2 protein chains.
Amino acid sequence: MAEPASRLFRPDEADDDTPSTATEAALKRLKRDLIRGVLPSGRKLKIRELTERYGIGASPMREALAQLASGGFVNIESNKGFRVAPVSRSHLVDITQTRQIVEGEALRHAIANRTEAWEEEIFTSFQLLKWEIDRRDSRSEEWLDAYEERHRRFHLALIAACPLTALKQFCEDLYTQMTRYRRMLKEMGFSEQIGSSQHEEIMSLVLDGDVEKAVATLRDHIAITATAVLADDRI
Amino acid sequence: MAEPASRLFRPDEADDDTPSTATEAALKRLKRDLIRGVLPSGRKLKIRELTERYGIGASPMREALAQLASGGFVNIESNKGFRVAPVSRSHLVDITQTRQIVEGEALRHAIANRTEAWEEEIFTSFQLLKWEIDRRDSRSEEWLDAYEERHRRFHLALIAACPLTALKQFCEDLYTQMTRYRRMLKEMGFSEQIGSSQHEEIMSLVLDGDVEKAVATLRDHIAITATAVLADDRI
DNA sequence: AAACACATTTTTATCGATAAAAAGAGGGCG
DNA sequence: CGCCCTCTTTTTATCGATAAAAATGTGTTT
């Protein structure tokens, strides 16, 4: 029996990757476009445009938007519709610091509940990430997507053994929020190498069970994107 | 200019308490019924029933449900509709421990960013809570609502000075999640006094700036509901 | 009686049309 | 010019009807 989705608590990871309803399909594509930055920050999301773009009716479209709104990607205002949640310096600082706290805690709990499988997944996802960085081909949308996918996988792997579902889910949400900023960085022409060296260090510290150093390094790593983005005054 | 709502980041607290759309009205009433336990855990939420109950059409109803689903109050399953998110021992333990972590952190940050107004609101909300407990009239729905409202206000007041919006918002969501369990406790006939003595202690420690003791006491206090509920084997 | 196929009912998900609200576009007037 | 009133256009929010899917029921076969 597949468990249904829930935001604050998800006992079982139920990946329905084949959208069987129009709402799900719209949700998936819309989220992707938001993260990719195809739909820029602050932009008005007119129902008409969206229904044409994604080829579905207004009701499922609004349903998908309502979900994204709760997830913080989209803002609603009564009788004025939806718009892409704006990015801002203060928002970036906020989610960065919050992420440092909660992802650090989650890592602590993960290490305290380590298993073989968890360690293996960390190693695997690290290797995949490293290979992806080595054969990098910036400016290619596909490469950026592949890189982002592996980066995400690595970060989620680190905290996967944390038994607190709600905490882990929140980390995942924050990570996703941060993706837009990370993407901006790439588009500003920064090297993907920024912070890359830390991945191996984090992995080693985590696998060695050096909790304090691991958490400290993870926190530093989380701060790097923010520092780099904030250094640019176009934002 | 009123700020729109967002889950992970809410720069300005925009209370639109007069629902101007059917979706908002449905959202509000439905959420209330979920928290009150009128719609019990795990129950199927048939669109037809809901539209009749709340007197609105299917589209806004589904939109409201989609939002509650992202908030963790409701579960969706493709082509099988919505149901009230089930309560369970594991869920209670999960959100309790997560809340201990994040609310403790939030309190730390709040104390580090203390202001006059913040201290005053803590004092005020504490007094209101105390008075409400003194003139208690259990088994009365109105009293339970009033008590819950003030308990909530006190807890949110404690962390209000925390500048990390995303963290604070998450605390609020977790608090709301816990309300259903707190309500169960009352219905099981427990005294409202459980944990009440700690409120004054927490307030004193916080206002005295004794961070470590304040955080420790808050964590204990958060655990109490869970301990009491878990002691009952009807759940 | 369990297992299966098929018909019926119920429920979900979706569309297309429409009322209500907001945004925009003149046009007079201080 | 800037402000306000009105009319028009655009956009949102909502309803009612319907196709698609799941659940339920019924009879048939082993």
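Computed from a prediction, not measured in an experiment: that's the story for all the values here. Chain A is the first sequence line, chain B the second, and so forth, proteins listed ahead of strands; every chain is numbered from 1. Scope of the values below: all heavy atoms of this structure, side chains included, with no hydrogens, waters or symmetry mates.
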* Work out which heavy atom in A:I222 is nearest to a heavy atom in A:M178; give both atom names and the distance. => O-CE, 3.6 Å
* Members of residues 57-65 of chain B that approach DNA chain D, where some heavy atom sits under 4.0 Å away -> B:G57, B:S59, B:P60
* Euclidean distance, atom CZ of residue B:R48 to atom P of D:dC15 [Å, nearest integer] -> 15 Å
* Asked: Which part of the nucleic acid, if any, lies within reach of B:T23 when heavy atoms closer than 4.0 Å are counted: base, sugar-phosphate only, or nothing?
  -> sugar-phosphate
* D:dA13 P sits how many Å from B:E24 CD, rounded? -> 9 Å
* **A:E116 atom CD: more than 12 heavy-atom contacts under 6.0 Å** => no
* Asked: Should B:K44 be listed as having a side-chain N or O under 4.0 Å from OP1 or OP2 of C:dT11?
  -> no
* In whole angstrom, what separates B:Y54's OH from D:dC15's P? -> 15 Å
* For the residue pair A:T176 and A:R152, confirm or rule out a side-chain donor-acceptor distance under 3.5 Å. => yes
* Asked: How are the rings of A:H155 and A:Y175 set relative to one another: parallel (under 30°), tilted (30 to 60°) or perpendicular (over 60°)?
  -> tilted
Dump the pairs, protein N or O against N or O of nucleotides 19-21 of chain D, anything under 3.5 Å, distances to one decimal.
none

* **No-hydrogen, no-angle side-chain donor-acceptor test under 3.5 Å, A:D173 and A:Q177** => no
* Asked: Rounded to whole angstrom units, what separation is found between the CG atom of B:L50 and the C1' atom of C:dA13?
  -> 15 Å
* Asked: Can you find a side-chain donor-acceptor pair between A:T21 and A:T23 that sits under 3.5 Å?
  -> no
Run the side-chain donor-acceptor check on residues 51-58 of chain B: report pairs under 3.5 Å with partners two or more places apart or on a different chain.
residue	atom	partner	partner atom	Å
B:T51	OG1	B:I47	O	3.2
B:T51	OG1	B:R48	O	2.7
B:R53	NH1	B:D33	OD2	2.8
B:Y54	OH	B:D33	OD2	2.7

* **Residue met sooner reading DNA chain C from 5', once A:K80 and B:F82 are mapped to nucleotides** => B:F82
* Rounded to the nearest angstrom, tell me the gap between atom CD in A:E77 and atom C1' in D:dT11. => 14 Å
* **Distance, rounded to the nearest Å, where B:E52 contributes CD and D:dC15 contributes P** => 13 Å
* **Backbone N/O of B:A161 and side chain of B:N113: donor-acceptor pair under 3.5 Å** => no
* B:K28 side chain to B:P19 backbone, donor-acceptor under 3.5 Å -> no
* Asked: From the list C:dC15, D:dA13, D:dC15, which nucleotide is the closest neighbour of the side chain of B:I56?
  -> D:dC15
* **For atom CD1 of B:I47 and atom C1' of D:dA17, their distance in whole Å** => 16 Å
